[in-house]
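All figures in this text were calculated on a predicted structure; none of them were measured in a lab.
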Amino acid sequence: MPLHSKDTVRDDLLDDIYSSADLAQSMPKYKMPELEHDPRHAYQVVHDELMMDGNSRQNLATFCQTWVEEQVHQLMDECIDKNMIDKDEYPQTAEIEARCVHMLADLWNSPDAENTLGCSTTGSSEAAMLGGMALKWAWRKKMKALGKPTDKPNMICGPVQVCWHKFARYWDIELREIPMEGDRLIMTAEEVIKRCDENTIGVVPTLGVTFTCQYEPVQAVHDALDQLQKDTGLDIPMHVDAASGGFLAPFCDPDLIWDFRLPRVKSINASGHKFGLSPLGVGWVVWRDASALDEDLIFNVNYLGGNMPTFALNFSRPGGQIVAQYYNFLRLGKEGYRKIHQACYDTAVYLSAEIEKLGMFEIIYDGNGGIPAMSWALKEGVDPGFNLYDLSDRIRSRGWQIAAYAMPPKREDLVIMRILVRHGFSRDQADLLVNDLKHCVEFFAKHPISHNSDQEESAGFNHG
């Protein structure tokens with residue numbers, strides 16, 4: 001029988017973790033260490049480094065959810081070992097994913113919600129690309145049937161985030177992006193029609209433009225495309241990028257017509273980890289009906305002895321985010337989502353009014369007509385002794401991260417700051433933020449800036 005002395009393990013039992021030999025030296029940064037380390041020590045090293053990221057709850061630049069209920073944390077832990085792609089090994093996770101798809105199809109007014117197709121993704125960017133692929137396949141099939149070339153497809157959109165630029169480059173599509181001009185900062189029906197031709201695979205309006213937070217006029221574009229077909233015979237479908245608005249409009253603006261109630265809308269993508277209130281790592285794409293997704297894009301996998309159709313760019317990934325999304329649907333229902341988002345809208349409108357009272361800012365978006373957010377620019381002709389990049393840098397001293405950025409080409413002259421109001425950002429926090437902004441303005445009055453920051457020098461937000 002081996003003999004043990006307490007002295008041989010005393011260091012492990014009693015030593016403070018920061019007095020350990022492991023933490024008394026710098027851990028390797030770019031090479032794997034030769035020796036193993038105590039799990040407590042390895043954890044503490046990683047934990048301490050993550051403190052440098054700051055407080056995500058004070059990150060008002062991100063669209064992504066940074067607060068979730070305790071039960072969501074529990075479900076994520078219980079699903080850490082579930083690979084959602086293994087439908088036969090985790091059939092109930094697959095069933096939950098299917099339920100979410102049909103719930104969303106119903107929420108977005110699909111004419112055949114019980115039988116349509118859709119899937120989860122890693123986020124709205126992947127979901128958007130799947131919707132775009134389906135548009136290209138449908139267009140190519142139509143052109144081949146007419147005996148016409150298929151080598152020059154194009155797609156029309158307003159000011160979009162980088163995922164659509166990636167889609168256009170990866171799938172060899174001309175992106176006809178409507179630029180901002182003057183006071184027009186989003187897509188209009190007139191600008192869409194100018195760019196349509198027989199090679200247009202589809203029009204993609206955004207329900208919640210990242211730059212301005214406004215909803216693009218989906219119904220007006222739809223009606224203009226109807227008239228275009230009457231005039232020219234061109235029949236052009238639509239995909240709605242509802243990354244943010246898809247989980248907002250159905251609850252807080254149910255009379256807004258933007259979804260499958262419009263016949264040209266063939267597919268919709270949305271982000272579950274934004275205003276869907278789920279943890280990071282889940283998006284959704286749903287088609288109007290099964291006929292809107294070409295069978296050539298669908299792969300069949302064995303699922304409980306039968307075939308289950310799948311369509312995605314990724315393969316293995318965790319099932320926890322999907323399960324958490326389903327939990328939110330059950331937990332909140334339409335009533336809960338409406339209450340949460342309406343509180344966010346109210347706070348955004350309140351913030352807009354309070355920031356406007358500071359006197360030097362012009363409100364660009366006040367929280368009405370889009371997502372719960374607000375944005376502002378410096379008033380024309382006003383020189384407060386700082387620019388918005390300076391203000392963005394200064395407000396970080398209080399922990400707040402607020403996006404400051406220039407608009408896309410043709411309106412680079414317009415620099416704005418934008419605040420996203422998400423679940424977990426309370427009215428009390430809004431008051432604290434306004435007070436901190438006031439202190440920043442007072443600081444610059446006492447300490448004028450001799451060399452202003454710009455987008456490259458400052459910690460400002462970059463949409464790319």
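Ion pairing between a basic and an acidic side chain is recognised when a charged N comes within 4.0 Å of a carboxylate O; Glu174 and Arg176 show such pairing. Look at Asp413 and Arg411 and you find a salt bridge, because one of the NZ, NE, NH1 or NH2 atoms lies within 4.0 Å of a carboxylate O, short of that distance.
Put simply, the side chain of Leu248 does not reach to within 4.5 Å of the side chain of Asp253, judged on heavy atoms. With a 4.5 Å cut-off on side-chain heavy atoms, Ile156 and Thr200 count as touching. Side-chain contact between Ile322 and Ile96: present, with at least one pair of heavy atoms (C-beta onward) separated by less than 4.5 Å.
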Please step through side-chain contact (heavy atoms from CB on, under 4.5 Å) for the pair Arg418 and Trp376, ending with a clear verdict. CA-CA 7 Å; Arg418 184 202 66 204; Trp376 70 90; over 6 Å; no
Problem - Worked check of salt bridge (Lys or Arg N to Asp or Glu O under 4.0 Å) between Glu335 and Lys339 - result: CA-CA 6 Å; Glu335 177 189 28; Lys339 286 180 177 179; 3.4 Å; yes
- Item | Working for side-chain contact (heavy atoms from CB on, under 4.5 Å), residues His222 and Met238 | CA-CA 8 Å; His222 178 276; Met238 299 171 69; 3.8 Å; yes
- Dump the intermediate steps for side-chain contact (heavy atoms from CB on, under 4.5 Å) on Val209 and Glu216, then the final yes or no. CA-CA 7 Å; Val209 175; Glu216 292 192 311; 3.6 Å; yes
Is there a side chain to side chain donor-acceptor pair (under 3.5 Å) between Asn269 and Trp284? Walk through the geometry before answering.
CA-CA 6 Å; Asn269 71 274; Trp284 301 94; over 6 Å; no
Inset, instruction - For the pair Glu191 and Arg195, evaluate salt bridge (Lys or Arg N to Asp or Glu O under 4.0 Å) and give the outcome as yes or no after the intermediate values. - result: CA-CA 7 Å; Glu191 293 296 324; Arg195 292 164 172 79; 2.9 Å; yes
List the steps, then state whether salt bridge (Lys or Arg N to Asp or Glu O under 4.0 Å) holds for Asp226 with Arg264. CA-CA 9 Å; Asp226 276 352; Arg264 288 186 187 278; 2.7 Å; yes
Please determine whether side-chain contact (heavy atoms from CB on, under 4.5 Å) holds for the pair Leu175 and Cys157, giving the CA-CA distance in whole Å, both sets of side-chain angles, and the decisive distance to 0.1 Å. CA-CA 8 Å; Leu175 189 68; Cys157 62; 3.7 Å; yes
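Side-chain polar atoms of Glu97 and Tyr326 form no donor-acceptor pair below 3.5 angstrom. Looking only at atom types and distance, the side chain of Asp197 has a donor-acceptor partner in the side chain of Asn154 under 3.5 Å away. If you check the side chains of Ser267 and His239, you find a donor sitting under 3.5 Å from an acceptor. Side-chain polar atoms of Asn368 and Tyr345 form no donor-acceptor pair below 3.5 angstrom. In this model, a donor atom of one side chain and an acceptor atom of the other lie less than 3.5 Å apart for Ser316 and Asn83. Under the 3.5 Å distance criterion, with hydrogens and angles disregarded, no donor-acceptor pair is assigned to the side chains of Ser110 and Asp112. For Glu177 and Trp164, the side-chain atoms include no donor-acceptor pair closer than 3.5 Å. Between the side chains of Arg422 and Thr66, a donor-acceptor pair is found at a separation under 3.5 Å. In the model, Asp231 has a side-chain atom that pairs as donor or acceptor with a side-chain atom of Gln227 under 3.5 Å. Checking Ser120 against Arg317 by side-chain atom types alone, a donor-acceptor pair falls below 3.5 Å.
A donor-acceptor contact shorter than 3.5 Å is absent between the side chain of Gln65 and the backbone of Gly276. With Asp390 contributing its side chain and Asn387 its backbone, the two residues share a donor-acceptor pair below 3.5 Å. Between the side chain of Glu412 and the backbone N or O of Lys410 there is at least one donor-acceptor pair closer than 3.5 Å. A donor-acceptor pair is defined here as one N or O able to donate and one able to accept, closer than 3.5 Å; such a pair exists between the side chain of Arg261 and the backbone of Leu256. Panel note: side chain Tyr365, backbone Ile371; a donor-acceptor pair is recorded below 3.5 Å. Side-chain N or O atoms of Gln321 include one that pairs as donor or acceptor with a backbone N or O of Leu280 at under 3.5 Å. With hydrogens and angles ignored, the 3.5 Å screen pairs a side-chain donor or acceptor of Gln429 with a backbone N or O of Ser426. Between the side chain of Tyr405 and the backbone N or O of Phe211 there is at least one donor-acceptor pair closer than 3.5 Å. Checked by atom type and distance alone, the side chain of His273 never pairs as donor or acceptor with a backbone atom of Gly283 at under 3.5 Å. Side chain of Ser392 to backbone of Ile402: a donor-acceptor contact under 3.5 angstrom is found.
Here the CG-OG distance, from Asn328 to Ser278, works out to 4.5 Å after rounding to the nearest 0.5 Å. In this structure, the separation between OH on Tyr337 and CZ on Phe247 is 5.5 Å, given to the nearest 0.5 Å. Here the CG atom belonging to Leu313 is positioned 8.0 Å from the OG1 atom belonging to Thr122, to the nearest 0.5 angstrom. To the nearest 0.5 Å, the span separating CG on Leu107 from NE2 on His102 amounts to 14.5 Å. The structure places OG1 of Thr116 at 11.5 Å from CG of Leu104, a figure rounded to the nearest 0.5 Å. The CG atom of Leu185 sits 6.0 Å away from atom OG1 of Thr212, with the distance rounded to the nearest 0.5 Å.
Heavy-atom contacts from other residues, nucleotides or ligands closer than 6.0 Å to CZ of Arg398 number 12 or fewer. The 12-atom threshold is exceeded at CD of Glu181, counting heavy atoms of other residues, nucleotides or ligands nearer than 6.0 Å. Counting non-hydrogen atoms of neighbouring residues, nucleotides and ligands closer than 6.0 angstrom, the NZ atom of Lys29 exceeds 12 such neighbours. At most 12 heavy atoms of other shown residues, nucleotides or ligands fall within 6.0 angstrom of atom OH in Tyr170.
By the 6.0 Å and 45° rule, Arg57 does not stack over the aromatic ring of Phe425.
For the side-chain contact (heavy atoms from CB on, under 4.5 Å) criterion with Leu225, the lone passing option out of Ile236, Leu234, Leu262 is Ile236.
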Anything under 3.5 Å between a donor and an acceptor, one on a side chain of residues 129-153, the other on a protein residue two or more places apart or in another chain? List them.
unit_1	atom_1	unit_2	atom_2	d
Lys136	NZ	Trp171	O	2.7
Trp139	NE1	Glu198	O	3.0
Lys142	NZ	Asp235	O	3.4
Lys148	NZ	Glu198	OE1	2.8

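The shortest heavy-atom contact between Leu351 and Val421 is CD1-CG2, 4.3 Å. The shortest heavy-atom contact between Ser352 and Ile363 is OG-CG2, 3.3 Å. Smallest separation of non-hydrogen atoms from Gln58 and Gly399: CB-O, 3.3 Å.
Less than 6.0 angstrom separates the ring centroid of Phe386 from the ring centroid of Phe444. Two rings, from Trp287 and Phe260, have their centers 6.0 Å or more apart.
Residues that satisfy the side chain to side chain donor-acceptor pair (under 3.5 Å) test with Glu362, not counting sequence neighbours, are absent from this structure. In this view, Asp255 satisfies the side chain to side chain donor-acceptor pair (under 3.5 Å) rule with no residue, not counting sequence neighbours.
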